[in-house]
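Worksheet for the structure shown next.
Both counts, for ligands and for their atoms, begin at 1 and track the order of listing. What's counted below: heavy atoms across the whole structure, side chains too, no hydrogens, waters or symmetry copies. Values in this document were obtained by computation on a predicted structure and should not be read as measured data.
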Amino acid sequence: MQALSSYVLDRWQEGRAPFTTLSNPVTGEALATASSNGLDLGAALAHARAHGGPALRAMTFVQRGALLEGLAKAIHSARDELLELSIANTGVTRSDAKFDIDGGTATLTSYATLAKSLGERRFLLDGELEQLGRSPRFAGRHVRMPLHGVAIHINAFNFPIWGLAEKLACAFLAGMPVLSKPATSTALPTVRAVRAMVDSGLLPAGSFSLLTGSAGTLLEQVSAQDVIAFTGSADTGLKIRSHPRVAAESVRVNIEADSLNAVVVAPDVEAGSETYELFLRELVREMTQKSGQKCTATRRVILPEALLEPVITALGERLLPEFAPRNPVEEHVRMGALAATAQGADVLAKAGLVLTAADVVVGALPTEATTLFPPVVLRARDVRASVLHEVEVFGPLVTLFPAASSTEAWELVRLGGGTLVSTVYTDDLGTSLEALEALGPFTGRLLFGSARIAEFSTGPGLVLPQMAHGGPGRAGGGLELGGVRGLGFYLQTVAVQGARPILEKMFG
Ligand code: NAP
């Protein structure tokens with residue numbers, strides 16, 4: 001069995017026992033072992049700060065963009081192998097594996113393109129030169145400089161390639177070296193992708209480290225110029241945010257956590273209309289793509305009472321038996337497995353909590369923990385029950401909530417305490433404006449699904465590099481991507497004040 005290594009201090013290094021075993025979630029076959037025990041993480045961070053940081057900061061945006069482009073190509077060159085590893089280690093279908101791998105390389109490429117527009121500079125300018133006093137000679141301008149520490153990226157199990165790539169794209173373009181830590185259970189594809197990056201010979205010394213295995217003492221080694229971008233559960237996010245060393249050093253932390261993403265079908269949408277069909281199509285995709293294991297997958301659907309029965313009937317017809325979960329290595333599989341045995345138990349336990357306030361209306365819950373978890377639709381008995389708005393079931397489950405008015409619909413969405421994405425299906429401008437006012441402050445992304453974009457809509461679940469990803473409250477309060485906005489986390493805004501002629505020469 002393969003022992004996965006970490007890439008630290010510019011070389012591959014194996015950890016010591018005890019090891020964690022990575023398995024195939026469908027067959028249980030042991031695939032690899034991983035351990036970070038015994039690695040000198042303090043030395044790894046010091047090396048990245050001393051060598052990787054200066055190398056990246058010496059590069060212009062255009063040069064950093066070329067690096068991202070090269071890394072995207074390197075990962076793409078290993079695509080076939082990555083597909084097989086993803087299917088084996090994470091239980092996804094081939095099409096879902098492509099979603100992760102191609103999404104990762106597309107994000108790197110998108111940032112490579114953005115880099116060209118940022119030019120031959122090494123830091124960002126923010127706003128214009130402003131006169132600060134009575135004389136025009138005294139002026140000021142904001143600039144955004146890359147921090148001198150390490151960008152520590154801690155990722156969740158569900159996107160082993162995209163998670164690596166989307167964070168890397170922003171940090172490298174901003175000019176910071178990266179230490180990336182994938183979730184241990186699905187690290188096999190990540191390690192292969194990093195091998196492709198390393199073998200490309202493009203990575204400047206110290207610019208990239210991979211920690212395979214648990215975070216160990218990593219957080220005890222951080223210092224004030226480092227940043228931590230975390231994706232995962234709210235519980236772990238809280239542990240990281242409140243870690244004494246992180247707090248004492250005021251280390252910036254970006255958290256992408258749980259989210260009970262909501263969909264509202266507005267009262268103007270009629271059964272059978274184009275907008276209604278768009279809603280159904282996108283809901284089925286959100287429930288079944290990656291078996292509902294996307295942070296942006298729809299968890300709650302709020303709809304007019306009159307649509308409840310038609311929607312239950314339509315979902316029954318479309319989900320069963322088409323999306324019965326199967327081993328993704330079989331032919332014509334539409335939905336694969338949950339990513340790890342532990343997830344099977346977790347999803348069943350959380351579904352049990354939701355069942356205290358909702359009834360199953362499509363499908364049936366399995367009687368025991370399984371990674372081959374079927375799609376299940378529930379209907380809320382008590383639409384305001386907190387368990388339905390607070391417990392994230394990370395699988396192919398969704399709960400329907402009848403609402404008497406759009407005002408009640410907004411109220412129900414807000415009970416989720418902050419979402420990564422909320423979607424409103426409507427063709428009505430007034431309802432769209434109402435939704436923006438009512439939901440804007442409570443969500444990171446607001447998608448209006450309407451007949452006009454039915455052909456082009458990418459749905460709520462797809463995170464696009466040009467649009468911000470992250471949401472308030474329960475969703476963690478973070479912000480990633482969003483074009484140049486995603487670089488902000490890695491930059492220090494400096495208000496530079498001085499003599500105008502000097503500032504003009506400095507900043508062009
Ligand atoms: P998790 O258990 O919180 O683990 C996430 C990552 O944190 C893993 O790499 C894990 O490493 C690491 N970790 C665990 N304890 C740690 C500690 N004390 N210090 C530092 N790192 C630590 O979450 P998960 O089960 O992998 O992911 C599922 C959750 O992620 C879901 O709730 C989902 O909503 C959320 N998620 C959010 C987004 C988003 O963009 N907002 C995206 C995807 C997933 P090990 O694997 O080695 O334990």
Per-atom contact, atom 48 (O) of ligand 1, protein heavy atoms, under 4.0 angstrom:
no

Could you check atom 41 (N) of ligand 1 against the protein and tell me its nearest heavy-atom contact, residue, atom and distance included?
Glu256 CB, 3.0 Å

Going by the atom numbers of ligand 1, which of them fall below 4.0 Å from some non-hydrogen atom of His469?
39 (C), 40 (O)

Mind checking whether Gly232 has an N or O less than 3.5 Å away from an N or O of ligand 1?
yes

Are the charged groups of Lys350 and Glu392 less than 4.0 angstrom apart, N to O?
no

Per-atom filter on ligand 1: closer than 4.0 angstrom to a heavy atom of Phe230 are 3 (O), 5 (C), 6 (C), 7 (O)

Ligand-residue contact atoms, ligand 1 with Ala215, heavy atoms, under 4.0 Å:
20 (C), 21 (N)

Nearest to atom 6 (C) of ligand 1, what protein heavy atom do you find, and at what distance?
Asn155 O, 3.2 Å

For Pro182, the ligand 1 atoms whose distance to one of its heavy atoms is below 4.0 Å
9 (O)

Relative to the heavy atoms of Thr231, which atoms of ligand 1 are at a distance of less than 4.0 Å?
5 (C), 36 (N), 37 (C), 38 (C), 39 (C), 40 (O), 42 (C), 43 (C), 44 (C)

Based purely on interatomic distance, does Ile154 place a nitrogen or oxygen under 3.5 Å from a nitrogen or oxygen of ligand 1?
no

Between His389 and Val383, is there a donor-acceptor pair closer than 3.5 Å when you use the side chain of the first and the backbone of the second?
yes

Approximate separation, where rounding is to 0.5 Å, of Arg414 CZ and Leu412 CG:
9.5 Å

Can a cation-pi geometry be assigned to Lys167 and Phe489, taking NZ or CZ under 6.0 Å from the six-membered ring centre and within 45° of the ring axis?
no

Got a donor-acceptor contact below 3.5 angstrom from the Ser23 side chain to the Pro25 backbone?
no

Shortest protein contact, atom 11 (O) of ligand 1 (heavy atom only):
Lys181 NZ, 3.0 Å

If you compare all heavy atoms of Val333 against all heavy atoms of Asn327, which two are closest, and at what distance to 0.1 Å?
CG2-O, 3.4 Å

Check whether any N or O atom of Asn158, backbone or side chain, sits under 3.5 Å from an N or O atom of ligand 1, and answer yes or no.
no

Between Arg79 and Glu84 (salt bridge meaning N to carboxylate O under 4.0 Å), is one present in this structure?
no

Counting N and O atoms only, with roles assigned by atom type, does the side chain of Ser6 sit under 3.5 Å from a partner on the main chain of Val8, one being a donor and the other an acceptor?
no

4.5 Å side-chain heavy-atom contact, Glu437 and Trp410
no

Any N or O on Thr184 sitting closer than 3.5 Å to an N or O of ligand 1?
yes

Contacting atoms of ligand 1, where contact means under 4.0 angstrom from a heavy atom of Cys295
36 (N), 37 (C), 38 (C), 39 (C), 40 (O), 41 (N), 42 (C), 43 (C), 44 (C)

Would you please classify the geometry between the Phe172 ring and the Phe208 ring as parallel, tilted or perpendicular, with 30° and 60° separating the classes?
perpendicular

Between Ser185 and ligand 1, does any nitrogen or oxygen pair lie at a separation below 3.5 Å?
no

Starting from atom 18 (N) of ligand 1, which protein heavy atom do you reach first, and at what distance in Å?
Lys239 CD, 4.1 Å

Sub-4.0 Å atoms of ligand 1 with respect to non-hydrogen atoms of Leu420:
39 (C), 41 (N)

What is the closest protein heavy atom to atom 33 (C) of ligand 1, and at what distance does it sit?
Phe394 CE1, 3.3 Å

Do the side chain of Ser291 and the main chain of Gln293 share a donor and acceptor less than 3.5 angstrom apart?
no

Would you say ligand 1 has an N or O under 3.5 Å from any N or O of Ala257?
yes

Top protein contact for atom 23 (O) of ligand 1, by heavy-atom distance:
Ser233 N, 3.3 Å

Closest approach of any protein heavy atom to atom 24 (P) of ligand 1, naming residue and atom:
Phe157 CD2, 3.5 Å

Do the side-chain N and O atoms of Asn37 and Ser35 include a donor-acceptor pair separated by under 3.5 angstrom?
yes

Side-chain ion pair, Arg49 and Asp226, N-O less than 4.0 Å:
yes

Look at atom 13 (N) of ligand 1 and say which protein heavy atom is nearest, naming residue and atom and giving the distance to 0.1 Å.
Thr236 CG2, 3.6 Å

As an exercise, identify every atom of ligand 1 less than 4.0 angstrom from a heavy atom of Glu392.
31 (C), 32 (O), 33 (C), 34 (O)

Verify the distance criterion only: is there a donor paired with an acceptor across the side chains of Ser36 and Lys181 at less than 3.5 Å?
no

